[in-house]
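Working notes, structure below.
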Amino acid sequence: MSTAGCAVAGGIASQLIIRIGLILFGASSPATARKGFQMSTSRSQAGGQASSPRQPVRDKVVVITGASSGVGLETARQLAGQGGEIVMIVRDQARGEHARSQVAEAAAGKAPVLLLADLSVQADIRRAVHEVTDRYDHVDILVNNAGAAFSRREQSADGLELTWATNYLAPFLLTELLLPLLVAAPAGRIVNVVSEFYGRKLDLGNLQGERKYSYFGAYRASKLGEVLFTTELARRIKGSGVTVVSVSPGPARTNFAGPPGVLGVVLGVMQHTPMFKPAGQAAGGIAWAATAPELAGDSGGLYMRGKQLSLKGAATDQSLAARVWRISEQQTGSTRLARPSRPSQPPADRVADLTHSTPLGLALGIGSLSRRGG
Ligand SMILES: NC(=O)c1ccc[n+]([C@@H]2O[C@H](COP(=O)([O-])OP(=O)(O)OC[C@H]3O[C@@H](n4cnc5c(N)ncnc54)[C@H](OP(=O)(O)O)[C@@H]3O)[C@@H](O)[C@H]2O)c1
C-alpha cells in the first residue's frame with residue numbers, strides 16, 4: 001500500500017476507534033461545571049492534600065468497595081491523603097493487603113482497614129456490614145465502586161446473573177444495610193460509581209440475561225440500575241441529611257476486563273489514547289463527589305470529572321426506578337433482613353424524617369434503633 005493509502009487507512013482506523021470510543025464512553029455531554037473541582041493524579045492529590053490545612057475528610061469514616069485496583073484504589077489513596085479513615089472492602093486477601101500498603105503510604109490520618117467480601121455474594125455483604133457496624137457507630141462516606149463485566153452469562157452464589165449481582169444488587173444491599181450508619185454521620189454521603197455508558201432502556205423481562213445476554217448489554221443494564229437506584233434513593237432519603245450521587249470516572253486505564261473479540265482489541269488500543277485517563281486522574285472525580293460541600297443536600301445527580309451530566313432515556317423514568325427498587329428488594333430480601341447490631345441513634349429529627357416520610361425508613365426500622373452503650 002502507498003504511503004497515502006496507509007495514511008488514509010490509518011486515518012479511517014483512528015476515526016473508527018474514536019467513534020467507537022464516543023459511542024461506548026462519551027455519549028453524554030457535560031451540562032454543568034462545578035466549582036472547586038480539580039483533576040489531579042493520585043500521587044499529587046494525596047500528597048498535596050496531606051500537607052494542606054484543608055482536609056475535608058479528616059477523621060471521617062470512608063467505606064470504599066473495590067479498593068484493591070483501578071479507580072477504587074486511587075480514590076482510597078486520595079481520600080486517605082485527605083485524612084480519612086479508609087475501610088477498604090476487597091475480595092482477595094493478597095491483592096487487598098498489597099492495596100492497603102499503598103493506601104497506608106498515602107494516609108494522613110488513621111491506618112486503613114481491610115474487610116474481605118465477595119460482593120456478588122449477599123451473605124458476604126451482610127457479614128461485611130456486621131464488621132463495619134461492630135467497629136463504627138457511623139459512616140461518613142460510602143463509595144460503591146466495585147464493578148465487573150463478563151463475556152459469558154454466569155450465576156452468582158445466590159443464583160443471580162453475575163453482572164447484575166455484582167454491579168447493581170451489591171451497592172443496593174450494602175447501602176440499605178449501611179444507611180443507619182450514614183444517617184448517624186453529621187452529613188452522610190453515598191457515591192455510586194456508574195458509567196456514562198449506562199443503558200438507555202431496561203428490559204425488566206431480561207434482568208437476569210435469561211433470554212438474551214451480552215457483555216455490554218449486561219454491563220449497561222447494571223449501570224442503568226445504579227443510576228435509577230441513585231435517583232430513587234435520593235427521593236426516599238430526602239430530609240435525612242444524607243446525600244447520594246452517581247459518578248462516572250470516565251474512560252480510565254485500569255484492570256477492568258474488556259469485552260471479547262475485536263471490540264476487546266479495539267478497546268485495548270484505545271486505552272493508550274488520551275481519551276482514557278490514568279486511574280489516579282479519573283479517581284479525582286470520585287473523590288471530589290465524595291467530599292464536595294456544594295453537593296451536600298443535592299441528591300440524585302450524575303457527575304463525571306466534576307461536571308453534571310443530564311440523565312438520558314430510562315434513567316429519567318421515576319416509575320421505572322420505583323419498580324426496579326421493588327424487584328431489588330425481592331432479589332436481596334432486604335426488607336426482611338435481621339439488622340446487624342445497630343448504630344448510634346441518629347438525631348431525632350432525622351429519624352422522624354426517615355420513618356414518617358419514606359417507606360425506606362419503615363423498612364429499615366430506624367425508629368426502633370437504640371443507642372449503643374456509652
Ligand atoms: N475503567 C473505566 O474506563 C470505567 C469507566 C466507567 C466506569 N467504570 C467503573 O469504575 C468502577 C471501578 O472499575 P475499574 O475501572 O477501576 O476496574 P478494576 O481495576 O477492574 O477495579 C474493579 C474493582 O472491583 C473489584 N471487584 C470486582 N468484582 C468484585 C466482587 N465480586 N467482589 C468484590 N470486589 C469486586 C475488583 O476486585 P479485584 O481486584 O479482586 O478484581 C477491583 O478492586 C467499576 O464500577 C466500573 O464499572 C470504569
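Order of appearance sets the numbers: ligands from 1, and atoms from 1 within every ligand.
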Tell me the contacting part of [X] for ligand 1: side chain, backbone, both, or neither, using a 4.0 Å heavy-atom threshold, strictly below.
{"X": "Lys223", "answer": "side chain"}
{"X": "Pro249", "answer": "side chain"}
{"X": "Thr166", "answer": "side chain"}
{"X": "Thr65", "answer": "neither"}

Please list, in number order, the atoms of ligand 1 under 4.0 Å from a heavy atom of [X].
{"X": "Ala146", "result": "24 (O), 25 (C), 26 (N), 34 (N), 35 (C), 45 (O)"}
{"X": "Pro251", "result": "3 (O)"}
{"X": "Tyr219", "result": "7 (C), 8 (N), 46 (C), 47 (O)"}
{"X": "Ser195", "result": "6 (C), 7 (C)"}
{"X": "Val193", "result": "9 (C), 10 (O), 11 (C), 45 (O)"}
{"X": "Asp118", "result": "30 (C), 31 (N), 32 (N)"}

Sub-3.5 Å donor-acceptor pair from the side chain of [X] to the main-chain atoms of [Y], do we have one?
{"X": "Glu161", "Y": "Gln155", "value": "no"}
{"X": "Thr316", "Y": "Lys312", "value": "no"}
{"X": "Thr65", "Y": "Ala146", "value": "yes"}
{"X": "Gln78", "Y": "Gly280", "value": "yes"}

query: What about Phe150 and Tyr219, are their ring centers closer than 6.0 Å?
result: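 Here the rings of Tyr219 and Phe150 have centres that are no less than 6.0 Å from each other.
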[X], any N or O under 3.5 Å of ligand 1 N or O:
{"X": "Arg91", "result": "yes"}
{"X": "Thr254", "result": "yes"}
{"X": "Val71", "result": "yes"}

Report the member of [options] with the shortest heavy-atom distance to [atom].
{"atom": "atom 33 (C) of ligand 1", "options": "Gly66, Ala252, Ala117", "result": "Ala117"}
{"atom": "atom 39 (O) of ligand 1", "options": "Ala165, Ser68, Gly96, Ala67", "result": "Ser68"}
{"atom": "atom 27 (C) of ligand 1", "options": "Ala128, Ala99, Gly70, Gly147", "result": "Gly147"}

Flag side-chain contact, heavy atom, 4.5 Å: Arg91 against Arg95 =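 Yes; the side chains approach each other to less than 4.5 Å.
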Taking the side chain as every heavy atom from C-beta outward, state whether Thr231 and Gln318 have any pair of such atoms under 4.5 Å apart.
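Yes, at least one pair of side-chain atoms sits under 4.5 Å.
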Would you say [X] touches ligand 1, if touching means a heavy atom closer than 4.0 Å?
{"X": "Val194", "answer": "yes"}
{"X": "Ala149", "answer": "no"}
{"X": "Gly250", "answer": "yes"}

Quiz item: Cation-pi between Arg152 and Tyr213: NZ/CZ under 6.0 Å from ring centre and within 45° of the ring axis?
Solution: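 Because its charged atom misses either the 6.0 Å distance or the 45° angle limit, Arg152 does not stack over Tyr213.
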- Task: Applying salt bridge (charged side-chain N to carboxylate O under 4.0 Å, His left out), run through Asp203 and Lys212 and close with a yes or a no.
- Result: CA-CA 10 Å; Asp203 181 353; Lys212 203 166 88 173; over 6 Å; no
- Task: State, without any angle test, whether Ser156 and Ser120 hold a side-chain donor-acceptor pair at a distance under 3.5 Å.
- Result: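 Not at all, the side chains of Ser156 and Ser120 share no donor-acceptor pair under 3.5 Å.
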(request) Pick out which of Ile190, Val244, Leu174 makes a side-chain contact (heavy atoms from CB on, under 4.5 Å) with Leu179. (result)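 Checked Ile190, Val244, Leu174 against Leu179; only one passes side-chain contact (heavy atoms from CB on, under 4.5 Å): Ile190.
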**Message:** Please evaluate residues Leu204 and Arg323 with respect to the criterion side chain to side chain contact (heavy atoms under 4.5 Å, CB included), reporting the C-alpha separation (whole Å), side-chain torsions for both, the decisive distance (0.1 Å), and the verdict.
**Reply:** CA-CA 9 Å; Leu204 291 180; Arg323 286 177 75 188; 3.5 Å; yes
